[in-house]
Amino acid sequence: MRPLRQSEIAGLLADDIVAHLATLDAAGYPHVTPLWFLWDGAAFRLTSRTTRPHVRRIRANPRVGLVVDHELGRRGDQRPNRQIRVVGDAQLADDADGQWTARIREKYLRADAGLGPYGDRVLITVSPTLFVPLASV
């Protein structure tokens, strides 16, 4: 493993791949949910429906983990990848106007497909306390 270069970090965070958000249930077991995201330079921004299980788990326990990873294809007997591993606390805020949902959809679809109304959406902000960018080779 080696640290990612700044250009690799920027490329990975701008790519249209999912982040894997890990939340904890009441018994302390992790649950992983793939979600679209935006990186704003200081925090990860994700949105979801307010009734989703991962949102309920964040309300009960805001400690989360997040991984963004991209496999680069096969090279001989290796499958190199780039990844960013994050630990932090998640904050929830209303996204009823769909501002963040639209921005995230723009990243992944290159346009907001007009899902509105957005009234049942919540913004999940993950501010990293640990940010580990690595490459497998």
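None of these values were measured; they are calculated from a predicted model.
- Using a 4.5 Å cut-off on side-chain heavy atoms (C-beta onward), I84 and I9 make contact.
- Transitive grouping of hydrophobic side chains (ILVMFWY, heavy atoms separated by less than 4.5 Å) keeps V86 and V67 in distinct clusters.
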(request) Could you walk me through whether T125 and F44 pass side chain to side chain contact (heavy atoms under 4.5 Å, CB included), step by step? (result) CA-CA 6 Å; T125 301; F44 289 87; over 6 Å; no

List the atom pairs, with distances to 0.1 Å, where a side-chain N or O of residues 126-137 and a protein N or O form a donor-acceptor pair under 3.5 Å, not counting sequence neighbours.
unit_1: T129; atom_1: OG1; unit_2: V87; atom_2: O; d: 3.0
unit_1: S136; atom_1: OG; unit_2: N81; atom_2: N; d: 2.8

(request) Mind running side chain to side chain contact (heavy atoms under 4.5 Å, CB included) on H20 and L66 for me, showing each step along the way? (result) CA-CA 5 Å; H20 302 276; L66 188 131; over 6 Å; no

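- A donor-acceptor contact shorter than 3.5 Å is absent between the side chain of D95 and the backbone of L123.
- R56 CZ to T50 OG1: the interatomic distance, rounded to the nearest 0.5 Å, is 9.5 Å.
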Donor-acceptor contacts under 3.5 Å from residues 10-19 side chains, at least two apart:
none

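- Proximity of R49 to V55: side-chain heavy atoms (C-beta onward) are nowhere separated by under 4.5 Å.
- Each side-chain hydrogen bond (donor to acceptor under 3.5 Å, both in side chains) pair with one or both residues in residues 4-14, not counting sequence neighbours, appears once here: R2-E8, R5-E8, E8-R82.
- Put simply, CZ on R52 and CZ on R121 are 10.0 Å apart, with the number rounded to the nearest 0.5 Å.
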(message) Under the criterion side chain to side chain contact (heavy atoms under 4.5 Å, CB included), I'd like the reasoning laid out for K107 against R103: C-alpha separation, chi angles, the key distance, then a yes or no.
(response) CA-CA 7 Å; K107 173 185 175 183; R103 288 179 66 185; over 6 Å; no

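- Judged by distance alone, with hydrogens and angles left aside, the side-chain atoms of R63 form no donor-acceptor pair with the main-chain N or O of G88 at under 3.5 Å.
- Taken to the nearest 0.5 Å, the CD atom of E106 stands 13.0 Å off from the OG1 atom of T101.
- Here E71 pairs with R79 under the side chain to side chain donor-acceptor pair (under 3.5 Å) rule; sequence neighbours left out.
- For R85, the side chain to side chain donor-acceptor pair (under 3.5 Å) partners are Q83, not counting sequence neighbours.
- For H54 against T23, the heavy-atom pair with the smallest separation is O-CG2, 4.0 Å.
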Which donor-acceptor pairs under 3.5 Å do the side chains of residues 32-43 make with protein atoms, sequence neighbours left out?
unit_1: D40; atom_1: OD1; unit_2: A42; atom_2: N; d: 2.8
unit_1: D40; atom_1: OD1; unit_2: A43; atom_2: N; d: 2.7
unit_1: D40; atom_1: OD2; unit_2: R45; atom_2: NE; d: 2.9
unit_1: D40; atom_1: OD2; unit_2: R45; atom_2: NH2; d: 2.9

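- No continuous path of ILVMFWY side-chain contacts below 4.5 Å connects L24 to V122, so the two sit in separate hydrophobic clusters.
- Using a 4.5 Å heavy-atom cutoff, the side chains of T47 and I124 are not in contact.
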